[in-house]
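No hydrogens, no waters, no symmetry mates; every other heavy atom, side chains included, goes into these values.
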Amino acid sequence: PCGFCTFDTITSLLLGVLRFLHDNIFHDWSLSIVFLVVIVRTLLHPLTRWTQVRMAVFGKQMSGIGPKQKLIQERYKDDPSKLQQETAKLWREEGISPAGFLGCLPAFAQTPVWIALSAVLFFAVELRHQHAFYGVFQSAQKPEWITWWFLGDLAEPDAIIHFGRAITTLPILGPITSINLLPVLLGIVFFIQQKYLQPPTATQMTPEQEMQAKMMKWMTVFMFPVMMYNAPAGLALYFTVNSTLAIIESKWIRAHMDKHGMLDMDKIRAAREARRAAKGSAPKGGVMSALQQYAEKKQQDAQR
C-alpha cells in the first residue's frame, strides 16, 4: 500500500508540473513534455553522476586486476574456498571494495519516477486531440494532403503517413493504420546509446555471455521501439527526448571523469595510499571488506 501511495504521489506531482508548464509557460503540451523530462533529469543528475562514476571506477579497477584474477582462478580452480580467500586478498591489496557492486543500485531509485512519468503521459486526457509544437506541422499541410496528420494528436501515434484505414493487423503491433516516425527515431537513439555509450565490461566474458549480451542489445534496439509503434505520440516523444538527453548526460559525465582523471589508476592508487597514511592504520576496505575479513577468520577457525 505504501508503494502505491508513493507511486500515486509521484504521478500526481509530475502531472501537476506538466499542467503548470502548459498553462503558465508554453501553452503547448509537446514542449511541456520536453521540459518536464529536462526538469526530472536535472533533479536526478547528481544521483546519475554518482552511479556512473562509481561503476566506471569499479569497472576500471576490475579490468586492471583481470590478469591477476585469472591466474588465481587457474591456480585454485579445484579449491573454491582457497579461491575465494585469494580473490578477497587480491581485492584488499588493490583497494577494491565489494560495495562497488552496489554502484548500480541508485539507478533503481530513479525507476519509479520514469514509470510514473510514462503513466502520466499514457493516461493524460489533456493530450487528446492536441497538436504538437503549436500545430506547426498542420499549418504546413496542403489541402490535398488528406492523409498527412503528423503529430496532430499527442494521444495517438504520430502518423507521418496515415493510410486512413487499417491495412493489416500484426500480433504485437496491432492494427497498422499509419507509418510512424518517432518509434524509428527511438530505435536509432537506442542504437547509439548501446553502441557508443555502454561502459566496457569489468571482467572477461565467455562466448556464451558475449552472445547473450549481444542479444540483449539488439532486443533493446528493436523490441522496445516495436512495442512503442502504436503508442501515443506524447509517450514516444518522451522516450525519444529522455534517451537523447541520457546520451548527452553520459557524454558529459565521461568528459568530466576524463578531465579530472577520475579513471586514472595511478591517481586512484595515490589517493588510496594517502587515505591509508592519514588513517595511520592497516589497509581497510570499508564495511563490506570488514565483514568479509570476519567471515574468513571464522572459516579459518572452523578449519583449525
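Side-chain N or O atoms of Q138 include one that pairs as donor or acceptor with a backbone N or O of F150 at under 3.5 Å. With hydrogens and angles ignored, the 3.5 Å screen pairs no side-chain donor or acceptor of N230 with any backbone N or O of P157. For N242 (side chain) and Y238 (main-chain N/O), no donor-acceptor pair under 3.5 Å exists by modelled atom type. Side-chain N or O atoms of D158 include none that pairs as donor or acceptor with a backbone N or O of L151 at under 3.5 Å.
The side chain to side chain donor-acceptor pair (under 3.5 Å) test applied to H45 returns E249, not counting sequence neighbours. Applying the side chain to side chain donor-acceptor pair (under 3.5 Å) rule to T240 yields no partners; only residues at least two apart in sequence or on another chain are considered. Judged as a side-chain contact (heavy atoms from CB on, under 4.5 Å), and not counting sequence neighbours, the contacts of M223 are I172, M219.
Counting only residues at least two apart or in different chains, side-chain hydrogen bond (donor to acceptor under 3.5 Å, both in side chains) contacts with residues 177-187 comprise S178-N180. Screening residues 164-174 for side-chain hydrogen bond (donor to acceptor under 3.5 Å, both in side chains), with sequence neighbours left out, gives no hits.
The residue from V53, T51, I248 that alone fulfils the side-chain contact (heavy atoms from CB on, under 4.5 Å) condition with I253 is V53.
Closest approach of S250 to Q52, counting heavy atoms only: OG-NE2, 3.4 Å. Taking each heavy atom of L245 and V37 in turn, the nearest pair found is CD1-CG1, 3.9 Å. In terms of heavy-atom proximity, L182 sits nearest to L237 at CD1-N, 3.9 Å. When all heavy atoms of L235 and A231 are compared, the closest pair comes out as CD2-CB, 4.4 Å.
Using the six-membered ring where Trp is involved, W29 and H22 have ring planes that are parallel, under 30° apart on the 30 and 60° scheme. Ring-plane geometry between W252 and H256 is classed as parallel, the angle between the planes falling under 30 degrees on a 0 to 90 degree scale with a further cut at 60. Between F191 and W218, the ring planes lie tilted relative to each other; the angle falls in the 30° to 60° range.
Taking a 6.0 Å sphere around OH of Y134, one finds it holds more than 12 heavy atoms contributed by other residues, nucleotides or ligands. Open room surrounds CZ on F35; 12 or fewer heavy atoms of other groups in view lie less than 6.0 Å from it.
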Pair up each side-chain donor or acceptor in residues 117-126 with any protein partner under 3.5 Å, not counting sequence neighbours, and list the distances.
residue: S118; atom: OG; partner: W114; partner atom: O; Å: 2.9
residue: E126; atom: OE2; partner: R19; partner atom: NE; Å: 2.8
residue: E126; atom: OE2; partner: R19; partner atom: NH2; Å: 2.6

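L71 and L83 are members of different hydrophobic clusters when ILVMFWY side chains are connected at heavy-atom separations under 4.5 Å.
Here the straight-line distance linking atom CG of D23 with atom CG of L18 works out to 9.0 Å at 0.5 Å rounding. Rounded to the nearest 0.5 Å, atoms CG (L154) and NE2 (H131) are 9.5 Å apart.
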Intermediate values then yes/no, side-chain contact (heavy atoms from CB on, under 4.5 Å), I72 and L90: CA-CA 9 Å; I72 294 176; L90 175 64; 3.8 Å; yes
